[in-house]
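Hydrogens, waters and symmetry mates are skipped; everything else that's a heavy atom, side chains included, is used.
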Amino acid sequence: MKKIKEYLVPTLVLFIICLVAAALLGITNDVTAPVIEANAELARQNAMKEVLPSADSFGDTIECENGSCAVAYAADGSVAGYAVTASGSGGYNGPVTLMVGIDSEGKVQNLSFLEIDETPSIGGKIPKNEGFLAQFKGIFGSAALTKNGGSVDAVSGATKTSTAVTNAVNNALLCYEEVKSNG
């Protein structure tokens with residue numbers, strides 16, 4: 001009987017602790033999930049406005065193979081462009097996710113970083129590197145780094161992050177083409 005008590009009591013106590021912790025985590029998730037979702041939507045709306053400042057409103061998001069796209073409308077109801085969310089693989093610490101503004105002619109207007117988990121002192125500086133980001137403005141069709149025969153110079157020491165950003169822009173352009181072709 002002493003042996004059973006020696007094992008049963010700690011096991012029961014541990015089970016109760018785990019049950020209480022799981023219940024508290026579930027309650028916390030129920031309380032915070034709507035707030036997190038609302039904040040993510042607000043960040044997405046702000047990014048769309050940042051990449052296409054001439055847009056007055058945005059339509060529903062259309063999912064495509066390489067990302068998602070929202071049509072941007074001018075005040076007069078004409079299409080001002082497309083706000084495309086796309087990720088690019090090849091980064092040092094994983095993919096980079098961007099919001100890319102593409103005008104109605106298919107040219108990149110602006111970029112906004114949604115997710116980047118690169119080394120702060122190297123690749124993490126790319127979102128503030130105006131010279132690097134300006135190289136993408138006006139590109140249509142596809143982008144490529146100069147080492148791959150393209151016109152975009154990688155940031156010295158952050159070639160992997162530069163590659164991920166270029167891949168994300170290319171995925172955004174592919175998504176734009178898919179949405180345009182499907183009308």
Side-chain angles (χ1 to χ4, degrees), residues 30-91 94-118 123-145 148 150-155 161-183:
D30 285 347
V31 170
T32 60
V35 174
I36 292 169
E37 189 175 311
N39 287 341
E41 180 59 23
L42 180 62
R44 190 176 81 77
Q45 291 290 329
N46 288 339
M48 288 193 308
K49 191 64 179 161
E50 181 183 336
V51 298
L52 289 170
S54 63
D56 189 56
S57 64
F58 296 91
D60 291 335
T61 300
I62 303 163
E63 296 296 322
C64 54
E65 186 176 334
N66 296 298
S68 61
C69 180
V71 180
Y73 298 100
D76 65 1
S78 64
V79 174
Y82 300 82
V84 184
T85 303
S87 293
S89 61
V96 172
T97 304
L98 303 175
M99 176 72 68
V100 181
I102 301 174
D103 68 14
S104 57
E105 296 174 359
K107 294 179 184 174
V108 173
Q109 294 300 298
N110 208 350
L111 310 175
S112 178
F113 286 79
L114 299 177
E115 292 179 32
I116 182 168
D117 189 28
E118 300 296 281
K125 290 184 176 181
I126 282 184
K128 293 185 181 9
N129 188 327
E130 292 297 324
F132 173 71
L133 299 177
Q135 297 177 88
F136 292 99
K137 291 182 181 178
I139 286 181
F140 61 94
S142 68
L145 295 175
N148 297 328
S151 62
V152 177
D153 289 323
V155 174
T161 307
S162 300
T163 300
V165 171
T166 304
N167 290 340
V169 170
N170 282 331
N171 285 335
L173 289 164
L174 288 170
C175 185
Y176 159 79
E177 288 296 333
E178 183 179 329
V179 168
K180 282 288 280 191
S181 68
N182 291 335

Between Ser181 and Glu177 (side chain of the first, backbone of the second, donor and acceptor by atom type, cut-off under 3.5 Å), is there such a pair?
yes
Are any non-hydrogen side-chain atoms of Val179 and Val84 less than 4.5 angstrom apart?
no
Would you compute the distance between atom CG of Leu98 and atom CD of Glu115 and round it to the nearest 0.5 angstrom?
10.5 Å
Under the side chain to side chain contact (heavy atoms under 4.5 Å, CB included) rule, what do Phe136 and Val152 come out as? Steps first, then yes or no, please.
CA-CA 7 Å; Phe136 292 99; Val152 177; 3.7 Å; yes
Rounded distance [0.5 Å steps], CD in Glu37 versus CG in Leu42
12.5 Å
Between the CD atom in Glu105 and the NZ atom in Lys180, the distance rounded to the nearest 0.5 Å is 9.5 Å
Of Asn110, Thr85, Leu111, which is the lone residue that meets side chain to side chain contact (heavy atoms under 4.5 Å, CB included) with Met99?
Thr85
Take a 6.0 Å sphere around NZ of Lys107 and say whether it holds more than 12 heavy atoms from other residues, nucleotides or ligands.
no
Does Asn170 reach the main-chain N or O of Ser142 with its side chain, forming a donor-acceptor pair under 3.5 Å?
no
Kindly determine whether Val96 and Asp117 satisfy side chain to side chain contact (heavy atoms under 4.5 Å, CB included), including the steps that lead there.
CA-CA 7 Å; Val96 172; Asp117 189 28; over 6 Å; no
Closest approach of Ala164 and Gly91, non-hydrogen atoms and distance?
CB-N, 3.4 Å
Compare the SG-SG distance of Cys69 and Cys175 against 2.5 Å and report whether it is shorter.
no
Check whether any side-chain heavy atom of Tyr73 lies under 4.5 Å from a side-chain heavy atom of Asp56, and answer yes or no.
no
Side chain to side chain donor-acceptor pair (under 3.5 Å) partners for Asp60, two or more places apart:
none
Please tell me if the side chains of Val71 and Phe58 come closer than 4.5 Å, counting only heavy atoms from C-beta onward.
no
Check: Glu178 side chain, Glu65 main-chain N or O, donor-acceptor pair, under 3.5 Å
yes
In terms of heavy-atom contacts, Ala143 and Val169 come closest through CB-CG1, 4.4 Å
Roughly how far, to the nearest 0.5 Å, is NZ of Lys125 from NZ of Lys128?
11.0 Å
So does Val155 get a backbone contact from the side chain of Ser162, meaning a donor-acceptor N/O pair under 3.5 Å?
yes
Check Leu173 against Gly106 and note the closest heavy-atom contact, atom names and distance.
CD2-O, 3.8 Å
Step by step, work out the side chain to side chain contact (heavy atoms under 4.5 Å, CB included) result for Asp153 and Gln135.
CA-CA 8 Å; Asp153 289 323; Gln135 297 177 88; 3.5 Å; yes
Report yes if the side chains of Ser68 and Ile62 come closer than 4.5 Å at any heavy-atom pair, otherwise no.
no
From Leu174 CG over to Asn66 CG, what is the distance, rounded to the nearest 0.5 angstrom?
5.0 Å
Minimum heavy-atom distance between Glu118 and Gly124, given as atom pair plus value
CB-N, 3.7 Å
Tyr82 to Asp103 - nearest heavy-atom pair and separation:
CD1-O, 4.1 Å
Can you list everything that forms a salt bridge (charged side-chain N to carboxylate O under 4.0 Å, His left out) with Glu41? Sequence neighbours excluded, please.
Arg44
Which heavy atom in Ser54 sits nearest to a heavy atom in Ala80, and how many Å separate them?
OG-CB, 4.3 Å
Test Ile102 against Leu52 for side chain to side chain contact (heavy atoms under 4.5 Å, CB included), laying out the working first.
CA-CA 8 Å; Ile102 301 174; Leu52 289 170; over 6 Å; no
Please tell me if the side chains of Leu133 and Phe113 come closer than 4.5 Å, counting only heavy atoms from C-beta onward.
yes
